[in-house]
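Remember, it's a predicted structure, so these values are computed and weren't measured experimentally. Each chain gets a letter, A, B and so on, in the order the sequences are listed, and its residues count up from 1.
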Amino acid sequence: MGKLEMPKVYEAKNHEDQLYAAWAASGFFNPDNLKGEPFTIMMPPPNVTGVLHLGHALENTLMDSMIRFQRMRGRKALLLPGTDHAALPTQAKVEKMLMEEGILHPRQELGREKLVEKIRVFAEQSRTTILSQIKKLGTSCDWSRLAYTFDEPRNRAVNELFRRMYEDGLIYRGSRVVNWSVKGQSTSSDDEIEHVERTTKLYTFRYSKDVPITIASTRPETKLGDTAIAVHPDDVRYASFIGQTFAADVGAASALCLKVIADEQVDPAFGTGALGVTPAHSQIDFAMYETQKAKGDPIGLIPVIGPDGKMTAQAGFYAGLSAEEARERFVSWLKEEGLLEKEEEITHSVGISDRYGDVIEAIPMTQWWLDVQKEIPGRGKSLRDLMREAVTTGLNDDPSQKVTITPDRFTKLYLDRIEHLRDWCLSRQIWWGHRIPVWYCQGGKNGVCLEGCKPQVAVGKPERCPACGTTKFEQDPDTLDTWFSSASWTFSTLGWPESTDDLRTYHPTSWMQMGYEILYLWLMRMVLMSTYALGEIPFREVYIHGMLRDKDGRKFSKSLNNGIDPLDVIEKYSADALRFAVVSGVSPGNDSRFYEEKVEAAQRLVNKLWNISRYILTSIDEPVHGRAFKELEPKTLADRWILSRLVRLEEDVSAHMQAAEFSQASEKLREFTWSDFADWYLEASKTQRAQELTKTSTDDILVYVLEHLLTYWHPIMPFVTEQIWSSLCDDELLLAHAWPSMRMIDLDLKAEAEMAHLQEAVSAIRNIRSQYAVAPKQKIRVVMVGGNLEGHASVVESLAGIERLVFEAQAPQGEYASVVVGDGQVFVSLEGLVDKQAEHAKLARAQQETETYIQSLEAKLANEAFTSKAPEQVVATMRANLDDARQKLKLYVHHSES
RNA sequence: GGGCGUUUAGCUCAGUUGGUUAGAGCGUCUCGUUUACACCGAGAAGGUCGGGGGUUCGAGCCCCUCAACGCCCACCA
């Protein structure tokens with residue numbers, strides 16, 4: 001009788017919070033208390049827009065499994081936690097909530113200060129919730145280094161980055177066409193726009209009877225701002241018009257002045273082959289405007305749609321109308337004038353604001369931009385160059401400064417994207433976020449410096465204007481794109497811009513995981529910031545994971561109401577089960593499905609591990625842990641076999657964990673736990689423990705294997721393993737236990753092969769029992785001829801549930817069901833039960849199979865091309881198999897003769 | 001219009017550089033309450049690896065091609 005009490009069912013609820021508290025109190029989450037080579041992971045900071053979802057459960061499992069593994073392997077492991085203020089999403093969310101509460105225009109009604117305060121309160125609450133949820137998931141992060149993208153140290157880093165980039169001339173203020181959300185009243189970057197297919201009407205028309213060129217548009221109302229007509233330079237139809245200017249009165253404030261220009265980008269085959277150029281309301285047309293300007297042959301720029309989504313004064317007759325109304329009226333005017341030639345339905349893609357959901361308008365505005373193509377002073381390269389180098393040759397051709405992306409295909413996506421990168425619009429007109437650190441001198445009237453000074457880029461308000469001497473300044477009202485702060489996450493969290501020990505020790509970070517949906521938004525920008533600011537890559541390895549979907553492969557979404565709250569799953573099952581379920585079946589870059597049955601299966605595994613431990617720990621009087629391998633005394637085949645399997649397991653799991661192949665690692669562990677250890681060794685151990693000779697050695701091996709197994713499971717299932725460990729060992733946390741390497745121990749291939757035979761024989765006997773429905777209590781006798789299992793009779797007897805196994809030289813007489821196993825034959829005594837016909841048929845079938853098998857092997861081995869070209873080992877294995885099969889066939893032949 | 005991914009048992013997925021007769025979990029069927037576990041045990045059924053072609057001694061894996069589904073990108077005015 002053991003001294004321990006363990007309930008039959010593992011109740012995670014009773015242990016998880018206490019275990020987490022014990023880990024946190026131990027100090028091992030903090031790498032300052034660890035030795036070894038640093039290994040760093042920065043937690044992708046969850047947005048403070050709400051609570052954690054399943055995707056976070058996946059991410060936390062991936063990160064925590066990796067960091068726990070590395071910690072146990074003796075690394076100075078840092079997993080740094082944090083949250084993201086998520087400027088636009090958070091403000092959008094709070095505004096929506098306020099609107100639901102009846103504050104229909106939060107910005108106007110509350111004003112900047114009050115609205116920001118409302119958002120801050122919401123964000124804080126959400127932050128607190130999120131941090132407690134991270135603990136529930138078991139994530140072993142260093143809370144002493146907790147960061148927030150919107151806290152003071154991060155604000156300093158952001159301002160400093162802005163300042164340096166401004167001084168390097170990379171950040172500039174300029175008027176360009178931006179992506180404008182009328183609903184959100186803010187710009188957004190190219191990456192925050194979703195393209196959706198829509199059907200729209202395409203109108204083909206002329207500006208006036210005097211303009212000889214016909215154009216087409218899905219947004220005719222924007223044509224009020226056209227300043228040119230572009231055609232392909234080689235298009236003979238229009239060649240004679242190039243360079244000419246046509247005037248047209250379409251009802252705008254002043255008559256349109258349309259210059260015909262040549263541009264390679266125009267597709268002569270599309271529509272009429274002529275394109276009405278609207279520089280103010282199209283990114284492409286704006287590019288043409290810039291090209292023309294550079295060529296010294298400028299065209300105009302007339303904004304006809306304003307930030308409020310209404311037609312501007314320049315739209316003349318249409319001023320004040322919404323774009324839709326203006327379109328309607330303009331089209332009917334075209335009809336009346338006989339200018340409309342065609343009206344057809346087409347599908348094309350429109351840009352939609354990620355957060356506000358309205359169609360993005362292209363509008364020219366003065367904003368802050370980051371130039372990604374300009375050469376960085378003193379470096380001879382642009383930001384784009386740095387981003388490219390980091391994933392190809394390594395930064396400055398240094399291979400140790402190379403970011404490896406898994407799976408590799410995302411590297412190509414990344415590189416393609418870099419080539420098409422446009423300047424990054426940094427400023428947002430929302431209020432929740434890092435304020436642009438730029439101050440405008442208010443020396444004169446209307447907020448303009450008397451001496452015309454430049455904007456002052458400074459972390460705090462400047463003392464006085466160097467030009468006019470005033471102390472009156474106004475800060476830029478805009479805020480920074482939220483990704484500007486998250487892009488600096490790998491180093492702002494370590495104290496940059498100070499030169500700290502942390503920065504020297506933990507940067508570049510070792511490993512990063514993220515979903516593919518933020519590859520452009522985040523991964524690229526982290527590389528940009530880190531290579532710019534530190535001349536270092538942000539991380540060495542990036543693991544890109546897929547999305548979790550529901551049982552039917554659909555995204556989890558509020559509108560589908562198919563959400564699963566990870567906290568509910570933890571409450572109902574366990575954090576370990578959630579972790580295992582979420583990680584099993586995932587491969588890098590691919591989506592995977594998640595549903596409750598997976599967690600149920602995982603929880604059964606957790607319980608199985610619990611019960612294996614319960615059996616061992618409660619039935620062994622004084623389990624001794626920490627024995628060395630060589631202290632063990634394997635006495636039986638099963639002993640030698642399970643130890644060899646354990647060595648193999650360690651090898652596999654270590655390799656898989658190192659390579660971030662979590663699913664494979666957990667699959668190997670599951671297989672060993674349930675099949676090898678529980679179903680075979682534990683059952684075999686019962687017989688061994690009943691015998692004086694093998695009692696002690698078996699106990700030792702049971703404890704040894706359990707102890708190792710818990711260790712190898714720990715990174716994936718930390719709670720249950722730690723809980724069991726506490727029963728085994730009361731002076732050390734499993735969290736801080738060293739990963740036992742078994743690299744120096746040889747596999748026992750002989751034992752593995754012999755055990756495979758034994759298992760086959762046992763299965764065969766069980767099969768016969770099942771086939772003949774032999775009652776479990778019915779005593780049966782089994783005779784074995786050949787098979788080399790003498791010496792293992794008692795194990796076979798207990799595993800197969802038979803009364804007695806005897807070995808004889810020849811097949812016995814009487815009523816037997818038989819089966820050939822390896823080079824032996826098993827005869828199960830079944831007096832009065834044997835269905836001779838069925839037996840015969842069964843044997844004939846088995847014999848036939850063996851013959852076919854032999855034939856196929858013979859054919860292969862007779863093929864000279866095969867034997868000469870295939871590796872020696874493959875041929876040798878096949879020869880051995882052929883021998884075995886022939887041996888087997890002899891037994892069948894012998895049997896059918898007898 | 002480009003590009004990428006997926007397609008293996010009823011369902012969800014493994015299958016590592018091409019090498020024995022393709023695996024697991026769940027589900028299904030049969031049997032079983034022997035003190036670790038009914039959140040269990042034993043046994044069984046179930047697959048021409050999406051179709052076609054090719055390379056090779058040998059293909060689930062490599063090449064070509066077609067198909068279905070999904071995703072991403074794009075300046076179709």
Side-chain angles (χ1 to χ4, degrees), chain A residues 6 8-10 195 202 215-219 230 265-267 269-272 274-278 282-288 346-349 407 409-410 412-413 416-417 420 516-517 519-520 546-547 551 553 573 584-587 589-595 597-598 600-619 655-656 659 661 663-664 667 670-671 674-675 678-679 682-683 686 763 766-771 773-777 800-801 849-850 852-853 856-857 860 863-871 873-875 877-878 880-882 885:
Chain A
M6 282 174 81
K8 278 191 180 185
V9 173
Y10 169 64
H195 293 273
L202 176 70
I215 56 136
S217 176
T218 54
R219 295 287 305 271
Q265 292 179 74
V266 179
D267 176 5
F270 188 91
T272 61
L275 160 67
V277 182
T278 323
S282 155
Q283 297 279 2
I284 338 140
D285 297 6
F286 182 74
M288 290 184 189
I346 59 157
T347 62
H348 75 153
S349 77
R409 64 185 141 96
F410 288 106
K412 219 187 131 210
L413 280 181
D416 285 351
R417 181 61 167 232
H420 298 123
Y516 54 71
E517 70 278 5
L519 190 81
Y520 304 136
M547 233 186 325
K551 197 169 183 158
Y573 300 96
S584 69
V586 304
S587 51
N590 295 327
D591 294 349
S592 62
R593 301 183 189 205
F594 184 88
Y595 39 88
E597 289 89 325
K598 268 193 181 173
E600 278 172 17
Q603 184 56 26
R604 282 201 284 272
L605 173 64
V606 171
N607 197 58
K608 187 77 180 180
L609 186 59
W610 176 260
N611 270 291
I612 288 168
S613 312
R614 176 169 180 262
Y615 166 68
I616 295 172
L617 297 177
T618 57
S619 66
H656 285 313
E661 293 160 351
S663 186
Q664 286 96 318
E667 190 48 42
R670 207 197 67 80
E671 194 185 313
W674 211 306
S675 175
D679 290 346
L682 243 59
E683 292 310 318
K686 289 174 185 172
S763 294
R766 285 169 176 170
N767 186 349
I768 288 170
R769 288 195 73 116
S770 173
Q771 235 170 18
V774 180
K777 282 177 182 164
E849 272 170 21
T850 309
T852 313
Y853 181 45
S856 83
L857 289 179
K860 277 179 195 165
N863 186 343
E864 207 272 327
F866 169 69
T867 48
S868 62
K869 288 183 184 174
Q873 206 180 350
V874 175
V875 179
T877 318
M878 215 171 268
N881 289 336
L882 182 57

Which part of the nucleic acid does A:Gly271 contact within heavy-atom distance under 4.0 Å: base, sugar-phosphate only, or nothing? nothing
P-based separation of B:U55 from B:C13 [nearest Å]: 35 Å
Heavy atoms under 4.0 Å, any strand shown: does A:Asp267 hit a base, just sugar-phosphate, or nothing? base
Reckon A:Ala274 touches a base, only the sugar-phosphate, or nothing at all at heavy-atom distances under 4.0 Å? base
A:Gln265 side-chain proximity, nearest of B:G19, B:C75, B:G43: B:C75
In whole Å, what separates the C1' atom of B:U12 from that of B:U6? 14 Å
A:Ala773 near the nucleic acid: base, sugar-phosphate alone, or nothing, with a heavy-atom cut-off under 4.0 Å? nothing
Provide the distance between the two P atoms, one in B:C57 and one in B:G10, to the nearest whole Å. 35 Å
If you look at every heavy atom in A:Ile612 and A:Ala678, which pair is closest and at what distance? CD1-CB, 3.8 Å
Donor-acceptor pair under 3.5 Å: do we get one between A:Lys608's side chain and the base of B:C37? yes
What's A:Thr867 touching, base or sugar-phosphate or nothing? Going by heavy atoms closer than 4.0 Å. nothing
Between A:Val586 and A:Ser663, the two heavy atoms sitting closest are O-CB, 3.3 Å
Between B:G50 and B:U33, how far apart are the two P atoms, rounded to whole Å? 43 Å
Looking only at B:A77, B:G19, B:A24, the nucleotide nearest the A:Arg670 side chain is B:A24
Does A:Asn607 use its side chain to pair, donor to acceptor, with the backbone of A:Gln603 at less than 3.5 Å? no
Between B:G43, B:U21, B:G41, which one does the side chain of A:Lys860 approach most closely? B:U21
A:His195 has an atom NE2; how far is it from atom C1' of B:G1, in whole Å? 15 Å
Indicate whether OP1 or OP2 belonging to B:G41 is found under 4.0 Å from a side-chain N or O atom of A:Trp674. yes
With respect to the phosphate group of B:C40, does any side-chain polar atom (N or O) of A:Arg604 fall under 4.0 Å of OP1 or OP2? yes
B:A14 OP1/OP2 closer than 4.0 Å to side-chain N/O of A:Ser587: yes
NA contact type, A:Tyr520, heavy-atom cut-off 4.0 Å: base, sugar-phosphate, or nothing? sugar-phosphate
Nearest whole angstrom, please: distance from the P of B:U56 to the CG of A:Asn863. 13 Å
Closest non-hydrogen atom pair between A:Tyr516 and A:Gly546, with its separation: CE2-CA, 3.6 Å
Using a heavy-atom cut-off of under 4.0 Å over every strand shown, decide if A:Asp679 touches base, sugar-phosphate, or nothing. sugar-phosphate
Tell me the interatomic distance from A:Asn767, atom CG, to B:C31, atom P, rounded to whole angstroms. 16 Å
Base, sugar-phosphate, or nothing: which does A:Ser613 touch, judged by heavy atoms less than 4.0 Å apart? nothing
Using Watson-Crick and G-U wobble pairs with both distances under 3.5 Å, what is the 5'-to-3' dot-bracket string of RNA chain B, with [ ] for crossing pairs and | for pairs outside the strand? (((((((..((((.....[...)))).(((((.......))))).....(((((..]....))))))))))))....
Treating A:Ser613 as the side-chain partner and A:Leu609 as the backbone partner, does any N or O pair qualify as donor plus acceptor under 3.5 Å? yes
What's the closest nucleotide to the side chain of A:Ile612 if the choices are B:G25, B:A36, B:U21? B:A36
Contact class for A:Ser663 vs. all strands (heavy atom < 4.0 Å): base, sugar-phosphate, or nothing? nothing
Distance check: side-chain N/O of A:Arg766 vs OP1/OP2 of B:G43, anything under 4.0 Å? yes
In whole Å, what separates the P atom of B:A59 from that of B:G52? 15 Å
Using a heavy-atom cut-off of 4.0 Å across all strands, would you classify A:Arg417 as base, sugar-phosphate, or nothing? sugar-phosphate
Find the distance A:Glu597:CD to B:G27:C1' and express it as a whole number of Å. 10 Å
Do A:Ile616 and A:Leu682 have side chains that get closer than 4.5 Å, going by heavy atoms? yes
Please give, in whole Å, the distance from B:C26 C1' to A:Leu605 CG? 14 Å
Can you identify which nucleotide, out of B:G15, B:A36, B:C39, has its nearest atom closest to the A:Gln664 side chain? B:G15
Looking only at N and O atoms, is any donor in the side chain of A:Glu683 or the base of B:A36 less than 3.5 Å from an acceptor on the other one? yes
Which residues share a ring pair (Phe, Tyr, Trp, His ring centres under 6.0 Å) with A:Tyr10, sequence neighbours left out: A:His15, A:Trp610
Between A:Leu413 and A:Tyr615, which has a closest nucleotide on RNA chain B that is more 5'? A:Tyr615
What nucleic acid atoms does A:Gln603 come within less than 4.0 Å of, heavy atoms only: base, sugar-phosphate, or nothing? base
Please figure out whether A:Asp591 or A:Asp416 has its closest RNA chain B nucleotide nearer the 5' end. A:Asp416
From the options B:G5, B:U12, B:C39, select the nucleotide whose nearest atom is closest to the side chain of A:Arg409. B:G5
If you check every side-chain atom of A:Phe270, which of B:C76, B:G43, B:A36 has the closest atom? B:C76
B:C40, B:C39, B:C57: which one has an atom nearest the side-chain heavy atoms of A:Ala865? B:C57
So does A:Asn590 get a backbone contact from the side chain of A:Ser587, meaning a donor-acceptor N/O pair under 3.5 Å? no
In whole angstrom, give the distance that lies between atom CD1 of A:Ile768 and atom C1' of B:U30. 17 Å
Atom CD1 of A:Ile616 and atom P of B:C37 are separated, to the nearest Å, by 14 Å
Under 4.0 Å, counting only non-hydrogen atoms across every strand here, what does A:Ala655 touch: a base, just sugar-phosphate, or nothing? nothing
Below 3.5 Å, does any donor atom in the side chain of A:Lys686 face an acceptor in the base of B:A36, or the other way round? yes
For atom P, what is the distance between B:G47 and B:G1, given to the nearest Å? 40 Å
Rounding to the closest angstrom, what is the interatomic distance between B:U17 and B:G5 at atom P? 16 Å
Just call it for A:Tyr516: base, sugar-phosphate, or nothing, with non-hydrogen atoms closer than 4.0 Å on any strand. nothing
Side chain of A:Arg593 only, please: which of B:G19, B:C13, B:A38 is the nearest? B:C13
Of all the nucleotides listed (B:C57, B:A77, B:C39), which has the minimum atom distance to the side chain of A:Lys869? B:C57
Taken to the nearest 0.5 Å, the spacing of A:His348 NE2 from A:Leu202 CG works out to 9.0 Å
Would you say the side chain of A:Tyr615 lies within less than 4.5 Å of the side chain of A:Lys686, judging by non-hydrogen atoms? yes
When all nucleic acid strands are considered with a 4.0 Å heavy-atom cut-off, which category describes A:Val606: base, sugar-phosphate, or nothing? nothing
Looking at side-chain heavy atoms only, is the closest gap between A:Leu413 and A:Tyr520 below 4.5 Å? yes
Nearest-angstrom distance from the residue atom NZ of A:Lys412 to P of B:C71: 20 Å
Is it the case that the side chain of A:Asp591 and the backbone of A:Met547 share a donor-acceptor pair, with hydrogens and angles ignored and the cut-off at 3.5 Å? yes
